Amino acid sequence: MAAQEILKIEHLSKRFGSNQVLRDVDFSVTQGEVVCIIGSSGSGKSTLLRCINLLEEPTGGNICYHGKDIDTLPVTDYRARVGMVFQQFNLFDNMTVLENCTVGQKKVLGRDRREAEQKAIAYLQRVGMDKYIHAKPAQLSGGQKQRVAIARALAMDPEVLLFDEPTSALDPEMVGEVLQVMRDLANVGKITMVIVTHEMEFAREMADRVVFMDEGVILEEGTPDQIFETPKEERTRIFLKRILRN
Amino acid sequence: MPDTFFGWIAFLWEEYAPLFIRGTGNTLLLAVSGTAFGFVIGLLVAILRTVPLSAKDKPVRKCVVRTFHILIGIYIEVFRGTPMIVQAMVLYYGLLQSFMPAMGAAVFIISLNTGAYMAEILRGGIIAVDKGQKEAAQAIGMTHWQSMCSVVLPQAVRNALPSIGNEFIVNIKDSSVLNVISVSELFFQGKSASGTYLRYYETFFIVALIYLVLTFLSARLIGWLERKLDGPDSFVIHGSQSDSRAVIRGNKEG
């Protein structure tokens, strides 16, 4: 039996004014898989991710969650099931690390304080940040912030985690620690992940499927070998050549 | 009768101390309640104003939200655009005097007036909070109300605290205009006290001193509050010896 399809996106389009950012995008996510979305800046990768979490309202097409159109679901329930990790971390600056990881559990999932804290600490341990539960975000480094942000998303027990360029805002020496956490989530945690990234090595190593986006459309997708070794499209070849040379 | 300036000051204080003290109490009551209610009004306006609208929302909801926006706009324009002394005359004699005492009306007027300013002050505070945090709150499934109350507004209020404190100090002073509806606040009491002996200079010198003491102490209090809200600069490594919680747990296990 095939693994269950969590998300199915059909004919998705997004326009900002006269600027067509996404056109007729079809995309799906199956349980347990790691999908990496690559492509140059402005190709619509982040917008696609933000549309999936409804942080941007799509101008056309539909998104189905377990076969149900998400327009028929309460948007907050849906968002709680689809976690998001941002490029700029976006931790709540007025809360400690622990509170960052419990506030959603308490307010959205209605868990009591004890359960929320246990869960938060378990996930903070997993990302190696359990020592810092009393710290405020302003006291952490970029890599530490991003690991807390990952724990915050995990604490909601989402079915799929969306990563929007999670390492792009980090100093080079901190990229490794965050990627290591993500490797662990994929290998040990078997967490379903959709990752927009410029880390080609990571995509090649970890992805079950690589999606190449260009000018608002999915130009091609396939296994890492197919995309990196034998890309079908000329534009994919040009992009990879440019980015891998650096 | 005294024949020196300080003699008059002492004499007037002796004679009218209860009057001044009651006036000071009422002035403080007006400033505190006006700032507090105004703050609550400002928060509610801030939450209502930022309710997101999406193209898919039902027409009824869109209509209600837009109506609120228009009403809020009118409220702020009217109360910021007219002097409080005029608002007091219009509201008290036109409406409020028939069903509440002057003091109640005064609290009502100063609250509405402060609320209009607070709404704008908090709007500034909200703009200064990084938009990403609101998105992160939404992304874990919080509603608009939840994300505003637990993430955005606590930070917005902190950002706006100097201006909020400023409003309080302005209210201590500007509540004096409410003497026009016969509220026995400090300025009104000064007028009463100066009347008998016609000593305006000395009486209002005392009044000025009291205002100055009130505003000086308030400014210190606000500064202390700001430092307290910022919390400590350092944090304790969880599990280290200085973490009392971890030590207690350690003892129990041992």
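Predicted model, so just to flag it, every value in this text is computed and none were measured.
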Under the side chain to side chain contact (heavy atoms under 4.5 Å, CB included) criterion, do B:Glu135 and A:Met84 qualify, and how do the steps go? CA-CA 10 Å; B:Glu135 287 190 345; A:Met84 180 107 173; over 6 Å; no
Side chain / backbone / both / neither for A:Phe86 at chain B, heavy atoms under 4.5 Å: side chain
Does atom NZ of B:Lys62 have more than 12 heavy-atom neighbours from other groups under 6.0 Å away? yes
Portion of A:Val75 that has a non-hydrogen atom of chain B nearer than 4.5 angstrom: neither
When you look at NZ of A:Lys107, are more than 12 heavy atoms from neighbouring residues, nucleotides or ligands closer to it than 6.0 Å? no
Check whether any side-chain heavy atom of B:Met142 sits under 4.5 Å from a side-chain heavy atom of A:Val103, and report yes or no. yes
Between A:Asp71 and chain B, which part of the residue has a heavy atom less than 4.5 Å away: side chain, backbone, both or neither? side chain
For A:Arg183, look at atom CZ and say whether over 12 heavy atoms of other residues, nucleotides or ligands are found less than 6.0 Å away. yes
What part of A:Arg81 gets within 4.5 angstrom of chain B, counting heavy atoms only: side chain, backbone, both, or neither? neither
Does atom OH of A:Tyr132 have more than 12 heavy-atom neighbours, drawn from other residues, nucleotides or ligands, at distances under 6.0 Å? no
Looking at B:Tyr75, I'd like to know if its OH atom is crowded, meaning that more than 12 non-hydrogen atoms belonging to other residues, nucleotides or ligands lie closer than 6.0 Å. yes
Ranked by heavy-atom pairs below 4.5 Å to chain B, first place among A:Pro74, A:Ala80, A:Ala149 goes to A:Ala80
Taking only residues two or more places apart in sequence, or in another chain, which ones meet A:Glu99 in a salt bridge (charged side-chain N to carboxylate O under 4.0 Å, His left out)? none
Roughly how far, to the nearest 0.5 Å, is the CD1 atom of B:Ile140 from the CZ atom of A:Arg152? 6.0 Å
Tell me, side chain or backbone of A:Leu162 under 4.5 Å from chain B's heavy atoms, or both, or neither? neither
Should we say atom NZ of A:Lys131 is surrounded by more than 12 heavy atoms from elsewhere, each under 6.0 Å from it? no
Is there a donor-acceptor pair closer than 3.5 Å between any side-chain N or O of B:Gln146 and the backbone N or O of A:Val108? no
A:Asp93 and B:Gln133: side-chain donor and acceptor closer than 3.5 Å? yes
CG on A:Leu55 to NZ on B:Lys134, rounded to 0.5 Å: 11.0 Å
So which residue, A:Asn53, A:Leu109, A:Thr96, A:Leu54, ends up with the most heavy-atom pairs under 4.5 Å with chain B? A:Asn53
Options A:Val85, A:Thr59, A:Leu91, ranked by heavy-atom pairs under 4.5 Å with chain B, top entry: A:Leu91
A:Asn94 side-chain N/O to B:Ser150 backbone N/O, donor-acceptor pair under 3.5 Å: yes
So does B:Gly132 get a backbone contact from the side chain of A:Gln88, meaning a donor-acceptor N/O pair under 3.5 Å? no
